[in-house]
Amino acid sequence: MVLSYEIRRSAKRKNVTITVERDRTVVVHAPVGFPEDKLRQLVDGKRQWLFEKLNDAQKYQPLPHAPGKELVNGESALYLGHAYRIELVDAADAGVRFAGKFLIPRSRVSERKRVLRQWYMERAQERIVPRVNLHAKSLGVSYAQVKIGDSRLRWGSCTPGNNLNFSWRLIKAPMFVIDYVIVHELAHLMEPNHTPRFWNIVRAQSPSMKRARDWLRVQGQSLEDDI
């Protein structure tokens, strides 16, 4: 069976990853200059996994809204793993409200993406930081500080100075995925590299590790290489 795929190269990328988009497009993310024959070999090595994903009728439905697409009334956005409708409302309040759906004032319609992003940032601060503290205590590790940022390349990272950074976009994921990403970064405080010991630490603290990594791959990013 022929397996079609798209190659996307980036000068910022150091590793090769293969993802399956929600529209069933297979995308090979590669550094500039990485040999095409090597990419073909990597894809061939993943053929069985890729066909299993492509044939999953439930996982690969259209995203609530395409990345970068303007949000409009009646569409939906992710929060903690679920898609909730967006509704433009007449309200004096200038911010986003959440009541089983996203309520955005019509007065902010021209900047609805920005105000929704701000809402996500605030929720991420409220929900993710306490989980970091919880897992840090459980693992017996300490960190310098935790920051919610705007990274598009990583869900989370651990710096040499023991600072933890998490993308606000992580708040769109289910809680078991959030916990996995947090544990992944905290584990780097105990083991800097992705050694068997590192994965044993993560697996013991995050029993849903495999399911979480599958979710992240479906979303187009993987922590396998910390990209």
Side-chain angles (χ1 to χ4, degrees), residues 8 19-25 27 53 56-135 145-157 164-185 206 208 211-223:
R8 296 180 188 172
T19 61
V20 180
E21 305 298 321
R22 284 294 185 91
D23 62 359
R24 290 184 168 80
T25 300
V27 180
K53 297 298 179 184
D56 190 323
Q58 294 184 342
K59 281 188 177 181
Y60 295 97
Q61 301 297 325
L63 285 167
H65 57 81
K69 182 181 177 182
E70 287 290 332
L71 304 176
V72 298
N73 195 41
E75 290 197 349
S76 58
L78 287 174
Y79 175 51
L80 294 177
H82 298 285
Y84 296 98
R85 286 176 62 82
I86 295 170
E87 188 172 313
L88 302 180
V89 296
D90 295 316
D93 186 359
V96 173
R97 289 187 296 118
F98 181 77
K101 56 187 172 182
F102 292 100
L103 303 175
I104 302 178
R106 292 184 189 279
S107 61
R108 307 298 295 277
V109 66
S110 63
E111 51 183 337
R112 55 191 178 275
K113 291 208 302 183
R114 186 178 69 79
V115 295
L116 183 58
R117 174 184 175 277
Q118 181 60 36
W119 185 89
Y120 276 133
M121 288 279 288
E122 293 169 357
R123 299 295 83 72
Q125 189 73 31
E126 290 176 0
R127 302 296 292 265
I128 293 175
V129 175
R131 301 297 292 180
V132 174
N133 294 332
L134 179 68
H135 287 294
Q145 63 178 345
V146 57
K147 180 181 177 181
I148 303 299
D150 190 36
S151 175
R152 290 177 176 274
L153 299 178
R154 296 186 178 186
W155 295 103
S157 63
L164 301 174
N165 302 303
F166 298 96
S167 172
W168 62 264
R169 294 170 179 82
L170 186 59
I171 200 62
K172 296 182 179 184
M175 189 55 71
F176 74 89
V177 175
I178 293 174
D179 283 337
Y180 162 68
V181 175
I182 291 171
V183 170
H184 183 109
E185 302 311 331
S206 178
S208 299
R211 191 158 62 102
R213 294 179 70 184
D214 286 344
W215 191 95
L216 292 170
R217 287 194 185 98
V218 169
Q219 294 306 311
Q221 293 191 30
S222 170
L223 289 180

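Throughout, numbering of the chain's residues begins at 1 and tracks the sequence.
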Engineer: Given Leu170 and Ile148, is the side-chain contact (heavy atoms from CB on, under 4.5 Å) satisfied, shown in steps?
Structural biologist: CA-CA 10 Å; Leu170 186 59; Ile148 303 299; over 6 Å; no
Engineer: Hey, mind stepping through Arg123 and Leu80 against side-chain contact (heavy atoms from CB on, under 4.5 Å) and telling me if it holds?
Structural biologist: CA-CA 10 Å; Arg123 299 295 83 72; Leu80 294 177; over 6 Å; no
Engineer: Enter the distance from Arg127:CZ to Ile178:CD1 here, rounded to the nearest 0.5 Å.
Structural biologist: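 Reported to 0.5 Å precision, the distance equals 7.5 Å.
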Engineer: How close do Ala83 and Leu78 get, counting heavy atoms only, and between which atoms?
Structural biologist: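 Result for this residue pair: N-CD2, 3.9 Å.
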Engineer: So, taking the atom named CD in Glu126 and the one named CE in Met121, what distance separates them when rounded to the nearest 0.5 Å?
Structural biologist: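 If I round to the nearest 0.5 Å, the distance is 12.5 Å.
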Engineer: Determine yes or no for a side-chain-to-main-chain donor-acceptor pair under 3.5 angstrom, with Ser167 supplying the side chain and Ser151 the backbone.
Structural biologist: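 Side chain of Ser167 to backbone of Ser151, a donor-acceptor pair under 3.5 Å: yes, one is there.
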Engineer: So, taking the atom named OG in Ser208 and the one named CZ in Arg213, what distance separates them when rounded to the nearest 0.5 Å?
Structural biologist: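 Answer rounded to 0.5 Å: 13.5 Å.
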Engineer: Is any side-chain heavy atom of Glu185 closer than 4.5 Å to a side-chain heavy atom of Phe166?
Structural biologist: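 Yes, side chains in contact.
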Engineer: What's the spacing between Asn165 CG and Gln145 CD if we round to 0.5 Å?
Structural biologist: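 Taking CG in Asn165 and CD in Gln145, the distance rounds to 8.0 Å.
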Engineer: Taking all non-hydrogen atoms of both residues, which atom of Ile182 and which atom of Ile128 are closest, and how far apart?
Structural biologist: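 So the minimum-distance heavy-atom pair works out to CD1-O, 3.9 Å.
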Engineer: How close do Tyr84 and Lys101 get, counting heavy atoms only, and between which atoms?
Structural biologist: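 Scanning both residues completely, I find the closest heavy atoms to be CB-CA, 4.1 Å.
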Engineer: Are the ring centres of Phe102 and Trp119 closer than 6.0 Å?
Structural biologist: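 Yes.
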Engineer: Considering all heavy atoms of both residues, which atom of Ala77 and which atom of Leu116 are nearest to each other, and what is their separation?
Structural biologist: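 Reported closest heavy-atom pair: CB-CD2, 4.2 Å.
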Engineer: Do the side chains of Val177 and Trp155 get nearer than 4.5 Å, heavy atoms only?
Structural biologist: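 No; the side chains remain at least 4.5 Å from each other.
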Engineer: Mark yes or no for whether Arg169, through its side chain, and Tyr120, through its backbone, hold a donor-acceptor pair below 3.5 Å.
Structural biologist: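 Here the side-chain-to-backbone pair does not exist.
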Engineer: Please round to the nearest 0.5 Å and tell me the distance separating atom NE2 of His135 and atom CG of Leu164.
Structural biologist: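 The NE2 atom of His135 sits 12.5 Å away from the CG atom of Leu164.
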Engineer: Does the plane of the ring in Phe98 sit parallel, tilted or perpendicular to the ring in Tyr79? Use 30° and 60° as the thresholds.
Structural biologist: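 Perpendicular, since the angle between the ring planes exceeds 60°.
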Engineer: Hey, what do you get for CG (Asp150) to CZ (Arg117), rounding to the nearest 0.5 Å?
Structural biologist: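 If we round to the nearest 0.5 Å, Asp150:CG and Arg117:CZ are 4.0 Å apart.
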